[in-house]
Undergrad: 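Below you'll find the structure I mean.
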Amino acid sequence: MPVLDQTLVLCVYGFFSNLRPSEPFLTAYLLGPDKNLTETQVVNEIYPVWTYSYLVLLFPIFLATDFLRYKPVLVLQATSLVVTYVMLLRAQGMLAMQLLEFFFGLATASEVAYYSYIYSVVKPAHYQRVTGYCRSIALFGSAAGSLTGQLLLSVVKVQLVHLVIITLTTATVAFVAPWFLPMPKRSLFFHKSPAAAEKPSSTALLEQTKDSESKSPPNSQDVSTISRSSVTGSHSSGLVEVLQVLFDDFLNCYRCRSLLAWSLWWALATCGYFQVINYAQALWENICPSQDNEIYNGYVETMSTLLGALAALLVGYLPVCWSLWGELVLCVLSLLMALCVFAMVCYVRNIWLCYSAYVLFRAIYMLLITVATYQIAASLNMQRYALVFGVNTFMALLLQTLLTVVVVDSAGLGLDVFTQFLIYGGYFAVISVVFLLAALCKLASRRRSKQEEEALANSRAGTESDSSPISSFDIAGGCV
């Protein structure tokens with residue numbers, strides 16, 4: 001099957017799997033007459049299951065995706081989405097909805113196969129282009145789904161249950177697509193191509209020579225280490241060997257201060273971002289109940305997705321020296337994200353202010369996560385980037401799980417949604433302070449280094465000026 005056809009099939013899958021008209025109205029649907037659940041059940045007992053299942057399944061799915069060579073996990077994701085929306089349509093009761101959240105967590109964890117499959121069938125020179133296609137079509141599907149749901153609700157006046165039926169239909173269409181994809185012959189870790197195994201050393205040495213000055217330490221390791229990462233399992237690697245390579249690469253990657261800083265922000269901010277978007281609908285439902293008012297969640301999700309995509313697209317044109325000002329920019333924009341979250345639950349509690357703050361919050365996050373992706377990917381090969389992406393996402397989920405257990409879950413504090421958002425606003429304010437301190441330390445370190453260089457230069461100049469007259473006098477004396 002030609003690569004172009006595989007890319008088209010994958011884009012079809014990405015579009016229809018993200019075309020979910022019911023998603024912006026999920027909380028209203030669960031609280032409404034169709035499911036008749038209480039806010040406490042939905043917010044404190046059902047939604048947390050997604051976080052827990054995503055965390056538990058992420059690493060096993062990450063390994064299974066590579067070991068099974070992507071396609072089976074794509075089929076698993078498609079199946080999980082169909083099961084999720086069948087249960088959302090037909091099942092009743094809190095336990096059934098918790099099981100639904102488990103299947104949705106499985107689908108979310110399996111999303112790695114969607115973005116990984118294409119790397120196994122195209123040449124590295126085309127990675128950036130096909131990644132852009134796949135990500136763009138997924139965002140377009142998400143925006144189209146939100147807009148379709150809102151138009152059907154506001155203009156056609158359909159019931160929320162009809163949006164669930166349409167979403168189930170699109171998930172079923174998405175389920176068909178992966179079956180037409182061929183099984184890849186290679187993968188990043190378990191099934192490497194023989195060509196990659198036969199000549200890693202020269203490539204690694206060339207990359208090391210090129211990048212020793214311009215890139216960060218992950219690419220400037222010993223050739224033997226890189227060679228082992230590339231050679232291990234020239235055709236098929238065992239689990240222990242792969243885990244050993246992953247652990248070695250993990251230690252090598254996170255020795256780089258720049259990569260560590262961006263990864264830290266990635267994990268901290270993604271944790272807070274997930275919490276805000278997961279419980280935003282519950283907040284909107286409290287401010288403007290859907291039973292008594294017309295809601296515009298679909299428009300808001302559409303606008304925030306498109307604005308976020310535009311911000312991600314324009315980030316490459318920003319005239320910012322990220323190596324110098326990165327921490328300070330993260331500090332300022334993290335503070336702005338904190339202000340957005342606080343604005344969502346301010347004393348006025350106006351739904352339009354809440355909507356606007358949410359749109360701005362998502363746009364800022366998508367801009368910064370794009371910058372973080374660029375900064376991390378610039379110094380890593382595809383194998384190490386997959387590892388760093390997985391580790392950062394896992395740390396974000398681990399932090400989110402801790403936050404959910406303490407703040408949201410009924411087994412913990414079980415706080416109401418307004419108090420939760422006050423805590424999330426404070427959380428982003430703490431992130432801002434962390435990176436303010438990092439920026440100050442970086443500037444102080446640079447100033448100290450500059451002063452030391454100037455002192456060393458002055459010392460050398462003084463030594464040369466002192467030695468010049470003596471040598472002249474000696475020469476003169478010698479001539480006499």
Side-chain angles (χ1 to χ4, degrees), residues 1-20 53-54 56-86 102-124 126-138 141-142 168 170-197 233-239 241-243 245-246 382-383 385-387 389-390 393:
M1 187 176 188
V3 173
L4 179 60
D5 292 345
Q6 295 179 54
T7 305
L8 289 175
V9 171
L10 203 62
C11 286
V12 168
Y13 174 75
F15 176 79
F16 282 101
S17 64
N18 285 279
L19 188 67
R20 306 169 188 169
S53 59
Y54 191 5
V56 171
L57 294 170
L58 180 64
F59 187 65
I61 291 293
F62 175 79
L63 292 178
T65 299
D66 195 86
F67 181 75
L68 298 175
R69 288 175 290 176
Y70 312 117
K71 180 179 176 177
V73 179
L74 267 176
V75 174
L76 176 65
Q77 184 193 24
T79 305
S80 300
L81 287 173
V82 171
V83 171
T84 296
Y85 290 107
V86 167
F102 170 80
F103 280 106
F104 191 63
L106 176 60
T108 310
S110 303
E111 199 171 51
V112 64
Y114 172 68
Y115 293 108
S116 301
Y117 178 91
I118 200 66
Y119 299 135
S120 66
V121 295
V122 303
K123 296 179 181 179
H126 302 306
Y127 280 176
Q128 184 174 354
R129 180 178 298 178
V130 296
T131 301
Y133 292 156
C134 293
R135 289 188 181 277
S136 298
I137 202 69
S142 177
L168 175 58
T170 61
T172 304
V173 173
F175 173 78
V176 176
W179 295 97
F180 291 96
L181 292 169
M183 178 71 77
K185 296 179 180 179
R186 60 185 177 90
S187 63
L188 284 176
F189 301 106
F190 285 97
H191 308 283
K192 297 182 180 179
S193 62
S234 57
H235 295 282
S236 181
S237 302
L239 178 61
E241 292 174 298
V242 170
L243 291 177
V245 169
L246 289 175
M382 184 56 64
Q383 177 173 316
Y385 175 69
L387 171 64
F389 175 82
T393 305

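Hydrogens, waters and symmetry mates play no part in the numbers below; they use all other heavy atoms, side chains included.
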Undergrad: Which atom pair, heavy atoms only, marks the closest approach of Leu81 to Ala107?
TA: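 Scanning both residues, the minimum pair turns out to be CD2-CB, 3.8 Å.
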Undergrad: What class does the angle between the rings of Phe59 and Phe62 fall in, given that below 30° is parallel, 30 to 60° is tilted and above 60° is perpendicular?
TA: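 The rings of Phe59 and Phe62 lie parallel, inter-plane angle below 30°.
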Undergrad: Check whether any side-chain heavy atom of Leu168 sits under 4.5 Å from a side-chain heavy atom of Thr172, and report yes or no.
TA: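 Yes, close enough: below the 4.5 Å cut-off.
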Undergrad: Would a distance-only check, ignoring hydrogens and angles, find a side-chain to backbone donor-acceptor pair under 3.5 Å from Thr84 to Ser80?
TA: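 Between the backbone of Ser80 and the side chain of Thr84 there is a qualifying donor-acceptor contact (under 3.5 Å).
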Undergrad: For the atom pair OH (Tyr117) and CG (Leu74), what is the distance rounded to the nearest 0.5 Å?
TA: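 Those atoms lie 8.0 Å apart.
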Undergrad: Minimum heavy-atom separation for Ile137 to Tyr114, with atom names?
TA: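 Heavy-atom minimum between the residues: CG2-OH, 3.3 Å.
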Undergrad: Measuring from Phe103:CZ to Thr108:OG1, what's the distance to the nearest 0.5 Å?
TA: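 The OG1 atom of Thr108 is 13.0 Å from CZ of Phe103, to the nearest 0.5 Å.
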Undergrad: How far apart are the closest heavy atoms of Lys71 and Pro178, and which atoms are they?
TA: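 Where Lys71 meets Pro178 most closely, the heavy atoms are CE-O, 3.3 Å.
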Undergrad: Kindly give the heavy-atom pair with the smallest separation between Ala78 and Phe175, and that separation in Å.
TA: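 The pair with the smallest heavy-atom distance is CB-CA, 3.6 Å.
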Undergrad: Might you point out which heavy atoms bring Arg69 and Met183 nearest each other, and give the distance in Å?
TA: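 Of all heavy-atom pairs spanning Arg69 and Met183, the closest is O-SD, 3.7 Å.
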Undergrad: If only atom types and distance count, is the side chain of Thr170 paired as donor or acceptor with the main-chain N or O of Leu19 below 3.5 Å?
TA: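 Pair found, side chain donor or acceptor close to backbone of Leu19.
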Undergrad: Name the orientation class of the two ring planes belonging to Phe104 and Tyr85 (parallel below 30°, tilted from 30 to 60°, perpendicular beyond 60°).
TA: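 The arrangement is perpendicular - the two ring planes meet at more than 60°.
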Undergrad: Is there a donor-acceptor pair under 3.5 Å between the side chain of Arg20 and the backbone N or O of Ser17?
TA: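 Yes, the answer is positive, given that a donor and an acceptor are paired below the 3.5 Å cut-off.
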Undergrad: With side chain to side chain contact (heavy atoms under 4.5 Å, CB included) as the criterion, how do Val112 and Thr393 come out once you've worked through the C-alpha distance, each side chain's angles and the decisive distance to 0.1 Å?
TA: CA-CA 11 Å; Val112 64; Thr393 305; over 6 Å; no
Undergrad: Between atom CG of Leu181 and atom CG of Leu10, what is the distance when rounded to the nearest 0.5 Å?
TA: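 Going from CG on Leu181 over to CG on Leu10, the span is 6.0 Å.
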Undergrad: Give the minimum heavy-atom separation between Ser110 and Ile61, together with the two atoms involved.
TA: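 Answer, listing the atom of Ser110 first, then Ile61: CA-CG2, 3.8 Å.
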Undergrad: Working to the nearest 0.5 angstrom, can you tell me the gap between Phe67 CZ and Thr65 OG1?
TA: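 It is 12.0 Å, given to the nearest 0.5 Å.
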Undergrad: Side-chain contact test, heavy atoms from C-beta onward, threshold under 4.5 Å: evaluate it for Val75 versus Trp179 and give yes or no.
TA: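 Val75 vs Trp179: side chains touch.
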